[in-house]
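To keep things clear, I will list the structure first and then write my remarks on it.
Sequence lines set the chain letters: A, B, ... in the order given, protein chains first and strands last, and positions in each chain run from 1. FYI, side chains are in, hydrogens and waters are out, and symmetry mates aren't considered; it's all heavy atoms of this structure.
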There are 2 protein chains.
Amino acid sequence: MVPNQAHSRYHHGDLRNALIQAATTVLVEKGAAALSLREVARVAGVSHAAPYRHFRDKAALLRVLAQGGFERLTAALNRAAENSPHNPEQKLIEAGVAYVRIVVQHPEITRLMFAGTVEPQQDPAYLAATAACYEALLDIIRQGIAQGTFRQRPPQQLVLVAWASMHGLAMLAVARLLEVDVDDELTLDVLIRSVAANVIYGIVK
Amino acid sequence: MVPNQAHSRYHHGDLRNALIQAATTVLVEKGAAALSLREVARVAGVSHAAPYRHFRDKAALLRVLAQGGFERLTAALNRAAENSPHNPEQKLIEAGVAYVRIVVQHPEITRLMFAGTVEPQQDPAYLAATAACYEALLDIIRQGIAQGTFRQRPPQQLVLVAWASMHGLAMLAVARLLEVDVDDELTLDVLIRSVAANVIYGIVK
DNA sequence: ACCTGAACACCGTTCAAGT
DNA sequence: ACCTGAACACCGTTCAAGT
């Protein structure tokens, strides 16, 4: 069932994925302001009306990009947790470092993921992707509670502090409200670890 | 030097502020997607080219709205700190509640403030507004350190944890990634206080 | 089943011309 | 000094028509 060559000039074959690829390229290289559906179509080498056979509208394409961002984030969190020692504190810190790094390395995708313009409500695949990200953090917290390292609280309560603090740090960095150079990984690392440590051990002495 | 009536049909008098007002109305009532410079001009009752006498481009107008958001946020933080008891822990919690509430109550302005599309770098007034917001939080932290309630750490280190966690919680709420109804103030309050308490006392028991 | 080209109603921005 | 109207080069979306 491979698309035959007679078709392949006119019928693209896998235009859907080509459009996702093109949109990502445009977004990363030229920014969100330059990301028009017409430009994406141009980069993919099709007419400006062609994308409408594969996405209901522009928002639907953007939602796919955002979903990809959540999947990448979840993968990074799980990788960080696996590669850390058994100690749940260390696991949480490394997950935090991974979280902030990924967010900061892909600011344009981050904006799509967290700007709130993408309405997750009706798309089950999208919801699953965001839930998986939350679960990755929850696993670490649950383990810390089970081992007696973390406070005996509902895990949803503790995971929210961890998520909120890492997410906030990342968003402040992306918005350039920290005096840190976002591309200076070493300094950013120190900052992340400092925030993570304070979250874990508390501000009060 | 009041603008005389002969002028006032053609020469608006205070178009700059009228445009800011119109833009705010459009943003709040119809959302960021509907916020075009032409629509703003329409609402203000002038031609679509008139705004260019008062703002270099669309981004300049949006930056003014974002700056207003920071000023309102700073005012709310200072008010919360003043109205709280002498106890720095309580002050910090109330400031957190105020922060998240303001952010959540004005999601569209929040997006402008923190999306990172507005480049603060070159605008001194804008930078001053963001710095004042940071200072409001820093004051509370400094006081807590001075009184011996908070850990003896550089205040910039502690303020970052507090800011990041409150900011993160607010941004997750705005992005509708929490299962909470953002308009349910009571539930949101419980959440904020839970996060604040965990930040202050730590995740580790 | 998938893609194109013309068409429609929008944008942001500029610039000569009006008051 | 401030505002308008026409103009230009863009958008997102739709739809009849092509392959």
Side-chain angles (χ1 to χ4, degrees), chain A residues 1-23 25-27 29-66 108 112 115 117-119, chain B residues 1-23 25-27 29-66 108 112 115 117-119:
Chain A
M1 286 299 181
V2 175
N4 66 37
Q5 288 299 61
H7 268 199
S8 65
R9 278 277 171 283
Y10 198 92
H11 289 271
H12 185 285
D14 193 13
L15 184 52
R16 197 190 132 90
N17 281 314
L19 290 168
I20 294 170
Q21 184 53 57
T25 306
V26 172
L27 188 60
E29 290 182 4
K30 301 185 182 173
L35 181 61
S36 72
L37 222 42
R38 290 174 101 111
E39 172 70 8
V40 170
R42 233 173 273 134
V43 171
V46 293
S47 82
H48 63 261
Y52 287 87
R53 293 298 124 190
H54 302 276
F55 301 96
R56 189 150 43 85
D57 51 21
K58 187 183 177 182
L61 173 55
L62 297 186
R63 198 161 42 237
V64 171
L65 296 191
E108 300 288 355
L112 286 181
T117 43
V118 173
E119 278 287 340
Chain B
M1 288 301 182
V2 174
N4 67 36
Q5 287 299 61
H7 267 198
S8 68
R9 279 274 170 283
Y10 198 92
H11 288 270
H12 184 285
D14 193 13
L15 184 53
R16 198 190 132 89
N17 281 314
L19 290 168
I20 294 170
Q21 183 53 57
T25 307
V26 172
L27 187 59
E29 289 181 5
K30 301 184 183 173
L35 181 60
S36 72
L37 222 40
R38 290 175 102 111
E39 172 70 8
V40 170
R42 235 173 271 133
V43 170
V46 292
S47 83
H48 63 261
Y52 287 88
R53 293 298 123 188
H54 301 276
F55 300 97
R56 188 150 45 85
D57 51 20
K58 187 183 178 182
L61 173 56
L62 297 186
R63 198 161 43 235
V64 170
L65 296 190
E108 300 288 355
L112 285 182
T117 43
V118 174
E119 278 286 342

Completion exercise
Of C:dT13, D:dT13, C:dC3, the nucleotide closest to the side chain of A:Asp57 is D:dT13

Problem - Under-4.0 Å side-chain N/O to phosphate OP1/OP2 contact, A:Ser47 with C:dC3 - result: no

Exercise for the section: Mind listing the closest non-hydrogen atom pair of A:Val40 and A:Ala22 along with its distance? Expected result: O-CB, 3.9 Å

Problem - B:Asp14 CG - D:dC2 C1' separation (whole Å) - result: 13 Å

Practice task
Report the distance from atom CG of B:Leu35 to atom C1' of C:dC10, rounded to the nearest whole Å.
Solution key: 15 Å

Practice task
Can you figure out which of D:dC3, C:dC3, D:dA7 approaches the side chain of A:Leu15 most closely?
Solution key: C:dC3

Practice task
Please report, rounded to the nearest Å, how far the P atom of D:dT13 is from the CZ atom of A:Arg56.
Solution key: 10 Å

Practice task
Could you check whether A:His48 gets within reach of a base, just the sugar-phosphate, or nothing at all, counting any heavy atom under 4.0 Å?
Solution key: base

Problem - Length of the CG-P vector between A:Leu61 and D:dG12, whole Å - result: 10 Å

Fill in the blank from the handout: Closest non-hydrogen contact found for A:Ala32 with A:Leu27 is CA-CD1, 3.6 Å

Practice task
Counting heavy atoms from C-beta on, name the nucleotide in C:dT4, C:dC15, C:dC11 closest to the side chain of B:Ser36.
Solution key: C:dC11

Fill in the blank from the handout: Whole-Å distance, A:Lys58 NZ to C:dC10 P, equals 18 Å

Handout entry: B:Tyr52 OH - C:dA17 P separation (whole Å)
Key = 21 Å

Problem - Closest non-hydrogen atom pair, B:Leu15 against B:Ala50 - result: CD2-CB, 4.0 Å

Completion exercise
In terms of heavy-atom contacts, A:Glu39 and A:Lys30 come closest through OE2-NZ, 3.3 Å

Handout entry: B:Leu37 side chain, from C-beta outward: closest of D:dG12, D:dT4, C:dG12
Key = C:dG12

Exercise for the section: Write down the distance between CD (A:Glu39) and C1' (D:dT13), rounded to a whole number of angstrom. Expected result: 18 Å

Handout entry: G-U wobble or Watson-Crick pairing nucleotide for D:dG5 (cut-off 3.5 Å, both distances)
Key = C:dC15

Fill in the blank from the handout: Among the nucleotides C:dT4, D:dT4, D:dG12, whichever has the atom closest to the side chain of A:Arg38 is D:dG12

Completion exercise
A:Arg53 CZ to C:dT4 P, in whole Å, measures 11 Å

Practice task
Give a yes or no answer on whether the side chain of A:Asn17 reaches the backbone of A:Ile20 with a donor-acceptor pair at less than 3.5 Å.
Solution key: no

